[in-house]
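The structure appears right after this line, and notes come after that.
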Amino acid sequence: MSKTFKRYLVTSALPYANGPVHIGHLAGVYIPSDIYTRYLRMRGCDVISVCGSDEHGVPITLKARKEGVTPQQIVDRYHAIIKKSFEDFGIAFDIYSRTSSPVHSKTASDFFRKLYDEGKFIEKTSEQYYDEEAHTFLADRYIVGTCPKCGNEGAYGDQCEKCGSTLSPDELINPHSAVSGSVPVKRTTKHWYLPLDQYEGFLRKWILEDHKEWKPNVYGQCKSWLDGGLQPRAVSRDLDWGIPVPVEGAEGKVLYVWFDAPIGYISATKELTPDWEKYWKSEDTKMVHFIGKDNIVFHCIVFPSMLKAHGGYILPENVPANEFLNLEGDKISTSRNWAVWLHEYLEEFPGKQDVLRYVLCANAPESKDNDFTWKDFQARNNNELVAILGNFVNRALVLTHKYFDGVVPACGELTDYDRQTLSELACAKEALGSNIENYRFREALKEAMNVARIGNKYLADTEPWKLIKSDPERVKTILNIALQITANLSVAIEPFMPFTAAKIVKMVQAGPFTWDDLGRTDLLPAGHRIGQAELLFEKIEDDVIQRQLDKLEATKQANAAANASQHIEDQKGSVSFDDFQKMDIRVSKILAAEKVAKTKKLLKLTVDTGIDQREIVSGIAEYYKPEELVGKEVLVLVNLAPRELKGILSRGMILMAEDPSGKLRLLRPEESMTPGSIVG
RNA sequence: GGCGAGUUAGCUCAGCUGGUCAGAGCGCAUGAUUCAUAAUCAUGAGGUCCUGAGUUCAAGUCUCAGACUCGCUACCA
């Protein structure tokens with residue numbers, strides 16, 4: 001695809017405004033998009049980078065309800081925090097908008113209306129649960145009740161987390177709304193669906209044939225979806241928070257958040273410039289979506305189908321989705337507070353935006369999930385930024401001040417070695433550009449750092465501190481070159497570390513430079529006076545890192561404690577002795593165990609209850625391997641009403657204990673007992 | 001269960017269409033050096049390329065089977 005493009009449109013996934021942003025967001029989406037955009041800007045390309053907060057959807061309404069505030073208050077709070085974090089970290093969007101903006105509301109509404117008018121949607125009516133008190137329809141997971149299978153009173157409408165069974169809300173005993181606590185009723189409701197299946201042919205050709213160059217994870221994921229067959233997808237929801245469906249008789253319905261969010265890219269562009277159509281509707285615009293892997297299907301399948309259905313819009317040229325970043329070996333989690341929040345980082349490491357930008361780019365999850373560790377953060381800062389980059393710039397400037405009083409000395413005749421060194425700069429430019437254009441930012445960053453390495457090596461090999469006594473003329477040339485390398489370095493690192501680049505530019509008192517200046521050897525003319533040298537980076541000591549590790553450890557312990565207390569449920573209502581006596585629990589011996597085909601959790605156990613041998617299906621496959629169960633004595637509720645699971649009649653229940661993390665363990669007699677022994 | 005991605009030196013990763021592909025950075029060891037934030041430069045040690053089988057004159061690189069990690073999706077007391 002060697003198309004030539006006149007302009008670029010860069011989009012970055014809209015962060016969901018129900019929490020601040022953390023290093024995972026930065027590493028996966030915003031640093032890559034920022035590097036890409038800064039590079040294009042430096043090249044003088046016509047490029048705009050748009051983003052904004054995604055402010056609709058159910059989770060925000062629930063969070064608002066929980067805190068007793070309005071959804072608008074929630075999104076106002078987080079929009080402000082997120083926006084500031086991006087600004088603080090130099091993520092230079094041309095506009096950071098939000099989906100609650102009036103422009104967006106109109107754009108999304110018009111978009112829907114056009115598709116509606118042209119008959120691009122399917123209408124379907126279905127029955128769903130409705131909360132009359134909260135005046136809202138309830139998704140299955142927002143209905144709570146008693147699990148018909150294990151008696152857990154906190155089972156959700158889609159699943160009982162205690163016994164693992166999947167439920168439908170109809171099965172729950174005593175169902176009630178998680179929102180208001182009232183008993184939900186069934187109501188029929190109508191929704192609009194985008195028939196993705198109709199776009200399958202177009203998507204196949206566009207992705208599978210025309211974009212084989214997409215990253216393997218993205219391409220593979222798309223292929224998986226397409227091969228699996230696409231289904232119509234609902235684009236509306238029963239909710240009072242969002243953009244109203246612009247159709248008569250659609251009161252109480254809003255656009256599904258995933259329908260309106262990507263349109264947010266269009267709205268943001270509209271807010272940015274009256275010329276927005278140039279970016280969205282010209283074939284010579286190159287659009288690139290930066291996202292995380294969880295968004296692949298929406299940006300590669302759903303949104304393109306929407307754009308196609310609407311007509312007139314261009315499609316993304318590439319969707320360089322990244323994998324996920326872990327933190328110290330565990331998944332980053334907002335709810336478990338397992339994250340390094342950007343706003344907190346800046347409080348603890350003021351002025352060190354570029355250190356984090358550097359580490360996150362050098363260790364970006366470009367091809368697979370990666371791990372962020374504070375030890376690695378420290379090592380990269382101390383061994384790479386301080387030792388290689390900061391040190392080189394410092395040596396060049398300090399030597400210039402020392403020998404030439406801060407004035408750039410004239411360049412004399414070049415030696416072969418000088419020429420060789422300078423030619424390496426041109427190579428670096430080449431490698432840098434092609435890596436960035438191919439979304440290989442880790443590799444590109446290495447090339448940028450290589451410029452500093454070239455400088456360090458040059459100084460070590462030419463040894464101006466020795467020559468100053470014997471051949472001061474030669475030293476002039478050497479330092480001139482070292483200073484040119486320094487200026488080049490500021491250009492090379494700008495997309496990655498804009499703050500540091502600006503500091504270097506300020507120290508050499510020149511610039512601003514453009515990408516074309518990279519490789520040039522006359523950026524600082526002889527006689528030009530440079531400014532004072534100041535350190536670009538400082539070492540990070542062990543105790544600072546230890547504090548961060550301690551903080552995470554505290555989070556871990558707080559989570560464990562919260563988890564434990566959370567799972568200690570209230571005592572259930574009392575039962576009579578007679579009722580208890582009705583339960584027939586026996587010591588039984590497991591004779592055989594095998595995995596139930598096509599399930600993840602189920603094991604089929606053959607047990608000797610003393611009364612008989614029978615089969616019991618139990619959802620413990622994730623905790624026990626079949627072979628380790630055979631021969632074990634366990635407790636079985638033998639007179640539980642039989643139930644058919646996956647075609648197997650399960651007669652009884654293996655008694656299990658559940659620890660705070662949800663892990664199940666068998667209950668076993670302390671000493672060997674005869675099968676059939678009564679428990680009571 | 002189906003599907004996708006990943007598994008290469010202590011760590012983080014490159015290795016395109018099979019034949020100098022066994023690599024880079026950091027760490028480590030040794031040496032050199034002192035202009036520089038004890039920072040630099042050179043050299044070196046380190047790997048059954050997840051496992052097993054197969055195709056081939058030749059396999060990290062292709063095929064099949066399996067293991068593990070992550071994700072999507074289904075089913076499921």
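In what follows, chains are A, B, ... by sequence order, proteins preceding strands, each numbered from 1. Every value quoted in this text rests on a predicted model; they were computed, and no experiment measured them.
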Touch class at under 4.0 angstrom, heavy-atom based, for E384(A) against every strand present: sugar-phosphate
Let's see if you can work this out: which of U12(B), U34(B), U37(B) has an atom nearest to the side-chain heavy atoms of W465(A)? U34(B)
With rounding to whole Å, what would you report as the distance between U73(B) and A58(B) at their P atoms? 44 Å
As a test of understanding, state which of W258(A), W225(A), F303(A) forms a side-chain contact (heavy atoms from CB on, under 4.5 Å) with V297(A). W225(A)
Quick one: pull up CG in D371(A) and CZ in F324(A) and give me the separation to the nearest 0.5 Å. 14.5 Å
What distance, rounded to whole Å, do you find between the two C1' atoms, one in U33(B) and one in A42(B)? 10 Å
Would you kindly give the CG-to-C1' distance between N435(A) and C16(B), to the nearest whole Å? 14 Å
Pairwise C1' distance for A24(B) and U63(B), with rounding to whole Å: 31 Å
What nucleic acid atoms does A379(A) come within less than 4.0 Å of, heavy atoms only: base, sugar-phosphate, or nothing? nothing
Just by distance, no angles: are the side chains of N322(A) and K215(A) close enough, under 3.5 Å, to form a donor-acceptor pair? yes
For RNA chain B, what residues of residues 401-410 of chain A have any heavy atom nearer than 4.0 Å? K402(A)
Among residues two or more places apart or on two chains, list those pairs meeting salt bridge (Lys or Arg N to Asp or Glu O under 4.0 Å) that have a residue in residues 378-393 of chain A. D376(A)-R380(A), R380(A)-E384(A)
Under a cut-off of 3.5 Å for both distances of each Watson-Crick or G-U pair, what dot-bracket string does RNA chain B give, using [ ] for crossing pairs and | for inter-strand pairs? (((((((..((((.........)))).(((((.......))))).....(((((.......))))))))))))....
For the pair made of CG in N322(A) and P in C70(B), what is the distance, rounded to whole Å? 19 Å
Conformer about C1'-N of G54(B) - syn within 90° of 0, anti elsewhere: anti
Answer with base, sugar-phosphate or nothing: what part of the nucleic acid does L536(A) contact at a heavy-atom distance below 4.0 Å? base
Nearest-angstrom distance from the residue atom CG of D471(A) to C1' of C35(B): 17 Å
Between G47(B) and C70(B) - P atom distance, rounded Å: 29 Å
State whether N383(A) places a side-chain N or O below 4.0 Å from either non-bridging phosphate oxygen (OP1 or OP2) of G27(B). yes
Which is it for G60(B), anti or syn, if anything within 90° of zero counts as syn? syn
What integer number of Å spans the P atoms of C62(B) and G4(B)? 15 Å
Distance in angstrom units between I301(A) CD1 and C3(B) P, rounded: 18 Å
Is the number of heavy atoms from other residues, nucleotides or ligands within 6.0 Å of CD (E430(A)) greater than 12? no
With rounding to the closest Å, how many angstrom separate the P atoms on A74(B) and U56(B)? 43 Å
Applying a 4.0 Å non-hydrogen cut-off, can you work out what K466(A) is touching in the nucleic acid: base, sugar-phosphate, or nothing? sugar-phosphate
Regarding K215(A), tell me which of base, sugar-phosphate or nothing describes its non-hydrogen contacts under 4.0 Å with the strands shown. nothing
What is the distance, to the nearest angstrom, from the NZ atom on K476(A) to the P atom on C35(B)? 21 Å
Touch check for S367(A), heavy atoms < 4.0 angstrom, all strands: base, sugar-phosphate only, or nothing? sugar-phosphate
Take a 6.0 Å sphere around CD of E538(A) and say whether it holds more than 12 heavy atoms from other residues, nucleotides or ligands. no
Starting at NZ of K375(A) and ending at C1' of G27(B), how long is that distance when rounded to a whole Å? 8 Å
Donor-acceptor pairs under 3.5 angstrom involving side-chain atoms of residues 472-482 of chain A: please list them, not counting sequence neighbours.
from: E473(A); atom 1: OE2; to: K476(A); atom 2: NZ; distance (Å): 3.1
from: R474(A); atom 1: NH1; to: D418(A); atom 2: OD2; distance (Å): 2.8
from: R474(A); atom 1: NH2; to: D418(A); atom 2: OD1; distance (Å): 3.0
from: R474(A); atom 1: NH2; to: D418(A); atom 2: OD2; distance (Å): 3.4
from: T477(A); atom 1: OG1; to: G412(A); atom 2: N; distance (Å): 2.7
from: N480(A); atom 1: OD1; to: Q484(A); atom 2: NE2; distance (Å): 3.3
from: N480(A); atom 1: ND2; to: P409(A); atom 2: O; distance (Å): 2.7

Atom pair CG (L549(A)) and CH2 (W374(A)), whose distance is rounded to the nearest 0.5 Å: 8.5 Å
So which one's nearest nucleotide on RNA chain B is more toward 5', F324(A) or E463(A)? E463(A)
Nearest of A39(B), U8(B), C70(B) to any side-chain atom of K539(A)? A39(B)
For residues 385-395 of chain A, which side-chain N or O atoms pair as donor and acceptor with protein atoms under 3.5 Å away, sequence neighbours left out?
from: N391(A); atom 1: ND2; to: A387(A); atom 2: O; distance (Å): 3.4
from: R395(A); atom 1: NH1; to: N456(A); atom 2: OD1; distance (Å): 2.8

If only side-chain N and O atoms count, and only distance matters, is there a donor-acceptor pair under 3.5 Å linking E447(A) with N435(A)? no
Between C1' of G2(B) and CD of Q231(A), the distance in whole Å: 15 Å
Say we look at C49(B) and A9(B): how far apart would their P atoms be, to the nearest angstrom? 9 Å
Starting the side chain at C-beta, find the nucleotide from C35(B), U73(B), A36(B) nearest to L399(A). C35(B)
Residue-phosphate contact under 4.0 Å: S224(A) side-chain N/O, U73(B) OP1/OP2: no
Taking the nucleotide of RNA chain B with the closest heavy atom to each, which residue, N382(A) or I388(A), is nearer the 5' end? I388(A)
Less than 4.0 angstrom from a charged side-chain N to a carboxylate O is my criterion; do R440(A) and E443(A) meet it? no
When we call it a touch if two heavy atoms are under 4.0 Å apart, what does F392(A) touch: a base, just sugar-phosphate, or nothing? nothing
Six-ring centre of Y219(A), K212(A) cation under 6.0 angstrom, axis tolerance 45°: no
Which residues in residues 440-460 of chain A have a heavy atom closer than 4.0 Å to any atom of RNA chain B? R442(A), K446(A), R453(A), N456(A), K457(A), A460(A)
Start with the C-alpha distance between F537(A) and Y358(A), add both sets of side-chain angles, then the distance that settles ring pair (Phe, Tyr, Trp, His ring centres under 6.0 Å), and finish with yes or no. CA-CA 12 Å; F537(A) 302 98; Y358(A) 177 80; 7.9 Å; no
To the nearest Å, give me how far apart CG (D369(A)) and C1' (C68(B)) are. 14 Å
Expressed as a whole number of Å, how far does the P atom of A59(B) sit from that of A22(B)? 13 Å
Classify the nucleic acid contact of P216(A) as base, sugar-phosphate or nothing, counting any heavy atom under 4.0 Å across all strands shown. sugar-phosphate
Please determine, for the side chain of V398(A), which listed nucleotide (C35(B), U37(B), U8(B)) has the closest atom? C35(B)
Could you check whether the rings of H289(A) and H299(A) sit parallel, tilted or perpendicular, using 30° and 60° as the cut-offs? perpendicular
Any salt bridge linking K293(A) with D369(A)? Criterion: basic side-chain nitrogen under 4.0 Å from a carboxylate oxygen. yes
